[in-house]
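Below: one structure, written as structure tokens.
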Amino acid sequence: MINRIVIQNFKGIKYANISFSQKNVMVGNNGVGKSTILEAISLALGQANYGFELTPYLFHKSTWDTLHKTALPSIIIEVYLDPIEGYEEYSGKNNTLRKESLGIKFEAKFDDSYLELIEDEDLTQIPCEYYTINRSWFSEDAVKPFLQPFSLQVINSASALQNVKTTQFITRHLQSNLSDEKNRNLKTTLRGLRKNFNSNEKVSGVNKELTEIAKDFHEKLEISLDLTTYSAWNAISCPFVDDIPVHLCGQGEQCILKTLVSLSKKDKKEGKISIYLVEEPESHLSHTYMYEFIRLLESQIDGQIFLTTHNSFIANRMNLKNLIILNNQEGMIKSMSLAEESNEELYNYFYTTTDYPTLRLALCNCAILVEGPTDEMIVQYHLSKMGKSVFQEGVELLAVGGVRFKNFISLARALNKKVAIITDNDGKTQDEVTKLYLPEDTDSSHSLIQVFTCTDIANSTLEIAFINKNEEKFTDLAKIIRKKRETGDSVEKLQEFMLNNKTTWAYRLLESKDHSFAIPDYIVDALNWIYHE
């Protein structure tokens with residue numbers, strides 16, 4: 001099993017040192033380097049080396065600025081492995097950490113024997129034509145591609161790492177899963193197909209004409225089937241699904257099918273360790289197909305998995321304890337693993353309630369948690385008065401429901417996130433409300449998590465607090481919220497309407513674009529704390 005990867009100067013990554021476990025769900029914002037890490041693993045293990053071309057753009061951009069002929073940059077990818085029986089002799093310290101370990105090192109470096117050729121050259125870019133690419137064990141022994149102790153499977157609906165057509169991808173995997181006898185039977189049948197094709201009366205007629213055309217130079221010119229190459233099996237045959245060629249099926253069905261054939265490879269019989277690279281499985285998948293996809297991963301994968309995603313459903317279902325949160329600061333990768341937090345019960349909660357937007361909390365800078373859509377819209381109303389919008393400055397606004405506050409708060413503590421909780425007091429004091437949500441050991445004066453509620457017990461709900469805050473503008477408020485004048489209107493009647501039509505009144509206020517109404521102090525305090533402290 002891979003327990004660590006070290007990357008230097010590869011694409012958008014200047015340096016990364018990331019620890020892994022058996023299941024690894026890597027998340028991060030766009031451009032953080034998730035796909036690059038998968039590609040780095042693939043390169044180090046030899047999967048993506050065929051047809052690999054080294055160009056200056058594969059080096060981190062920081063290496064372009066100062067090119068010294070005696071110290072040209074290298075790309076280094078090191079994969080650290082757990083001990084494997086029979087491979088003890090390949091352990092060593094040929095790695096940047098100088099750590100005694102079993103592992104493989106991929107290195108693209110300048111060949112010093114070409115130094116004379118560039119002595120008089122004014123280097124404006126990395127001279128990749130003078131670079132060599134090596135893959136070696138940490139013992140410095142060369143890696144033999146067909147004698148590696150693992151098998152790498154790439155599952156990617158977009159085929160970014162597998163530059164082959166879906167039909168060829170699936171056919172190749174189907175071929176590799178058939179027994180030798182079944183493969184021989186198919187090849188024998190294909191040879192018979194060639195014979196039948198050539199003996200067809202219409203084909204014979206065409207070939208007679210072609211032979212006549214070429215008779216001055218060749219004895220025979222014919223159209224036939226070429227079944228002599230190794231690739232003939234998957235070049236001439238095509239998998240069908242319910243009588244439809246697979247390349248004409250929907251993208252979601254193709255993704256599921258590619259996953260099925262990838263997972264079906266039986267590497268155990270070869271004594272190899274299976275390693276799966278899965279990139280953004282949510283691509284092209286509906287909610288139903290995503291559930292089926294994750295069910296396949298859970299039920300059939302027997303090995304190590306590296307998965308990237310932006311989808312909370314997948315992250316929750318793969319269990320948040322396997323989450324690795326990535327952050328890229330000018331090429332320097334920082335990673336945080338939730339496996340370090342002993343919150344098994346919390347992670348199981350989100351595993352069973354898979355639809356909660358946990359990744360929105362994991363990837364934001366800070367968050368505002370509210371009970372429901374009414375509170376969410378009123379927060380947005382005040383944000384517009386502040387000249388801000390939702391998601392600006394990395395601030396998330398999440399309506400998670402009162403009963404779920406505790407779970408999101410626990411997750412926020414594990415993630416070390418700054419979070420403001422906005423909630424009704426329901427007739428309780430501020431201390432009583434705070435104790436409902438925060439552990440007793442929380443120092444409320446310094447905590448990253450704060451509870452904001454109305455200090456006046458009489459203002460037990462947002463609706464009551466909002467009306468009381470805008471007593472002097474009661475008529476204007478009633479007009480916007482009701483959309484009509486009410487005979488004998490009163491505070492009590494408007495309050496009843498708002499309590500019975502929670503999302504309606506908030507939506508009408510938000511859509512009115514009238515920013516003259518005041519927001520209850522506890523909401524203002526929460527937003528000021530999030531944005532200004």
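Start at 1 with the first residue, then count along the sequence. Small disclaimer: the values here were computed from a predicted structure and weren't measured.
- To the nearest 0.5 Å, atom CG of residue Leu320 and atom OG of residue Ser312 are 8.5 Å apart.
- Contact detail for Leu323 and Ala362: the closest heavy-atom pair is CD2-CB, 4.5 Å.
- Contact annotation: the side chain of His60 never approaches that of Ile13 to less than 4.5 Å [non-hydrogen atoms, C-beta and beyond].
- Ile449 and Lys417 make their closest contact through CG1-O, 4.1 Å (heavy atoms, listed as atom of the first residue, atom of the second, distance).
- Residues satisfying the ring-ring contact (aromatic ring centres under 6.0 Å, His included) test with Phe10, not counting sequence neighbours, are none.
- A side-chain donor-acceptor contact under 3.5 Å links Gln22 to the backbone of Gly303.
- Closest approach of Gln148 and Tyr87 over heavy atoms only: C-OH, 3.8 Å.
- With values rounded to the nearest 0.5 angstrom, Ile464 atom CD1 is found 8.5 Å from Asp424 atom CG.
- Side-chain contact check for Thr423 and Glu371: at least one donor-acceptor pair (N or O, by modelled atom type) lies under 3.5 Å.
- Among Val6, Ile5, Asn17, the one residue that satisfies the side-chain contact (heavy atoms from CB on, under 4.5 Å) test with Tyr80 is Val6.
- Judged by distance alone, the side chain of Arg135 and the main-chain N or O of Lys105 form no donor-acceptor pair under 3.5 Å.
- Side-chain N or O atoms of Asn528 include none that pairs as donor or acceptor with a backbone N or O of His532 at under 3.5 Å.
- Note that CD1 of Ile325 is 10.5 Å distant from CG of Asn416, once rounded to the nearest 0.5 Å.
- The six-membered or imidazole ring of Phe405 lies near that of Tyr437, with a centre-to-centre distance under 6.0 Å.
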Thr434 and Thr453: CA distance, side-chain angles, deciding distance, side-chain contact (heavy atoms from CB on, under 4.5 Å) verdict: CA-CA 9 Å; Thr434 299; Thr453 190; 5.9 Å; no
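- A donor-acceptor pair under 3.5 Å links the side-chain atoms of Asn311 to the main chain of Phe313, judged by distance alone.
- In this model, a donor atom of one side chain and an acceptor atom of the other lie less than 3.5 Å apart for Thr96 and Glu78.
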Report the C-alpha separation of Lys11 and Glu39 in whole Å, then their side-chain angles, then the decisive distance to 0.1 Å, and conclude whether the salt bridge (Lys or Arg N to Asp or Glu O under 4.0 Å) test is met. CA-CA 10 Å; Lys11 290 191 170 182; Glu39 190 173 354; 2.7 Å; yes
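- No donor-acceptor contact under 3.5 angstrom links the side chains of Trp529 and Gln450, judged on distance only.
- Taking NZ of Lys469 as the start and CG of Asn459 as the end, the distance is 10.0 Å to the nearest 0.5 Å.
- Side-chain atoms of His382 and Lys388 include no donor-acceptor pair closer than 3.5 Å.
- Listed by chain and number, the residues in a ring-ring contact (aromatic ring centres under 6.0 Å, His included) with Phe150 amount to none (sequence neighbours excluded).
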Check step by step if side-chain contact (heavy atoms from CB on, under 4.5 Å) holds for Leu102 and Phe138. CA-CA 6 Å; Leu102 179 66; Phe138 287 173; over 6 Å; no
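- Residues passing the ring-ring contact (aromatic ring centres under 6.0 Å, His included) test with Phe517: none are found, sequence neighbours excluded.
- Under the side chain to side chain contact (heavy atoms under 4.5 Å, CB included) criterion, Asn29 pairs with Leu363, not counting sequence neighbours.
- Remark: side-chain polar atoms of Gln304 are paired, donor with acceptor, to backbone N or O of Ser21 under 3.5 angstrom.
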Would you sort out whether Leu43 and Ile41 count as a side-chain contact (heavy atoms from CB on, under 4.5 Å), showing the intermediate values? CA-CA 5 Å; Leu43 277 174; Ile41 294 172; over 6 Å; no
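- When ring centroids are compared, Phe408 and Phe350 come within the 6.0 Å threshold.
- Taking OG of Ser335 as the start and CG of Asn24 as the end, the distance is 10.5 Å to the nearest 0.5 Å.
- In the model, Ser62 has a side-chain atom that pairs as donor or acceptor with a side-chain atom of Lys14 under 3.5 Å.
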With side-chain contact (heavy atoms from CB on, under 4.5 Å) as the test, would you mind laying out the steps for Phe452 and Val433 before giving the verdict? CA-CA 9 Å; Phe452 296 86; Val433 174; over 6 Å; no
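- Considering all non-hydrogen atoms of both residues, Ala40 and Ile77 come closest at O-CG2, 3.5 Å.
- With ring centers used as reference points, His515 lies under 6.0 Å from Tyr381.
- Scanning for side chain to side chain contact (heavy atoms under 4.5 Å, CB included) contacts around Ala506 gives Thr374, Met377, Ile378, with sequence neighbours left out.
- Side chain to side chain, Glu282 and Thr309 meet the donor-acceptor criterion of an N or O pair below 3.5 Å.
- Side-chain contact annotation: Asn316 with Thr358, donor-acceptor N/O pair under 3.5 Å present.
- The two atoms that bring Ser19 and Ile324 nearest to each other are O-CD1, 3.8 Å, heavy atoms only.
- With sequence neighbours excluded, the residues that form a ring-ring contact (aromatic ring centres under 6.0 Å, His included) with Phe306 are Phe20.
- Dense packing is recorded around CD of Glu393, with more than 12 heavy atoms of other residues, nucleotides or ligands lying under 6.0 Å away.
- The 12-atom threshold is not exceeded at OH of Tyr507, counting heavy atoms of other residues, nucleotides or ligands nearer than 6.0 Å.
- When all heavy atoms of Ala44 and Phe106 are compared, the closest pair comes out as CA-CB, 4.0 Å.
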